[in-house]
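Working notes, structure below.
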Amino acid sequence: AAGRRARPRSRDLEAFCVAALISLMGFFVFGGAHGQGVFRLSLVYAIFPLGFWAAYRHGTRGAAMATFLAAAFAVLGLVRGEGPFARQETHESALLVATFFALLGLTNLLLAAAMAEQRAGERERLVHTRLIELATESIGMCTPDGRVTLLNQAGREMLGLRPGSD
């Protein structure tokens with residue numbers, strides 16, 4: 001696509017590693033042969049940090065990928081009658097899996113959205129900073145007590161300050 005920067009290979013490798021870890025953890029957690037009771041249920045939470053990692057580093061694509069992989073393993077375990085969500089009553093199992101999907105997907109996507117907003121704000125701040133520095137007119141800001149908090153190059157030159165001095 002035009003205008004899109006190529007992702008570094010290291011990012012692709014990292015995404016692959018995250019997907020592999022989520023798949024491995026999904027197989028382990030939802031495979032069904034790992035303990036009973038509270039221990040089985042507590043293993044479900046081991047997926048969440050991996051989902052956070054995917055969302056934090058790879059945005060909404062990573063969040064969606066993490067949620068999909070974990071959900072796929074949860075459903076496969078449920079269909080086979082294994083894992084922490086397997087119950088005698090089908091509707092109870094379905095409710096547990098749906099709650100898991102909702103919580104994992106919501107937390108991953110919220111984190112991805114927050115990170116996207118933070119990155120956009122940082123890009124905007126950098127653009128504004130660059131525009132202020134390139135302006136030919138003096139631009140500055142000061143606190144109510146008169147302390148200068150921002151002064152561009154043109155302002156420093158107008159006041160006779162050395163470049164880079166604050």
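The first residue of the sequence shown is numbered 1, and numbering continues consecutively from there.
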Test item: [X] and [Y] side chains (from C-beta on) under 4.5 Å apart, heavy atoms:
X    : Y    : answer
W53  : L21  : yes
R156 : Q153 : yes
V18  : R57  : no
M158 : E137 : no

Provide the closest heavy-atom pair for [X] versus [Y] in the form atom of the first, atom of the second, distance.
X    : Y    : result
A86  : S93  : C-OG, 3.8 Å
L151 : E133 : O-OE2, 4.0 Å
H58  : R11  : CE1-O, 3.3 Å
L78  : F85  : CD1-O, 3.5 Å
G62  : A54  : O-CB, 3.3 Å
A63  : A112 : CB-CB, 4.1 Å

Are [Y] and [X] linked, directly or through intermediate hydrophobic residues, by side-chain heavy-atom contacts shorter than 4.5 Å (ILVMFWY only)?
X    : Y    : answer
L76  : F30  : no
V29  : L24  : no
L126 : M115 : no
F28  : L50  : yes

Enter the distance from [X]:[atom1] to [Y]:[atom2] here, rounded to the nearest 0.5 Å.
X    : Y    : atom1 : atom2 : answer
F16  : M65  : CZ    : CE    : 11.0 Å
L95  : T90  : CG    : OG1   : 12.5 Å
S138 : I132 : OG    : CD1   : 11.0 Å
R130 : R125 : CZ    : CZ    : 13.5 Å
N108 : I47  : CG    : CD1   : 10.5 Å

Partner residues of M141 under the side chain to side chain contact (heavy atoms under 4.5 Å, CB included) criterion, sequence neighbours left out: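 T149, L150.
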Under the side chain to side chain contact (heavy atoms under 4.5 Å, CB included) test against T67, which residue among L109, L104, I22 passes?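 Single side chain to side chain contact (heavy atoms under 4.5 Å, CB included) partner of T67 among L109, L104, I22: L104.
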If hydrophobic residues (ILVMFWY) are linked whenever their side-chain heavy atoms come closer than 4.5 Å, directly or via other members, who joins L110 in its cluster?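 Noted: L110 shares its cluster with L106.
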V127: which other cluster members, linking ILVMFWY side chains closer than 4.5 Å, directly or transitively?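 Under the 4.5 Å side-chain rule, V127 groups with L131.
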Answer yes or no: is there an ion pair linking E122 with R119, defined by an N-O contact shorter than 4.0 Å?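 No, no charged N to carboxylate O under 4.0 Å.
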More than 12 heavy atoms of other groups within 6.0 Å of F101 CZ: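 Check passes, neighbour count above 12.
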Could you tell me whether the side chain of R87 and the main chain of P84 form a donor-acceptor pair under 3.5 Å?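 Yes, R87 side chain to P84 backbone: donor-acceptor pair under 3.5 Å.
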Parallel, tilted or perpendicular: which describes the rings of F48 and F52, with under 30° parallel and over 60° perpendicular?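 Perpendicular, since the angle between the ring planes exceeds 60°.
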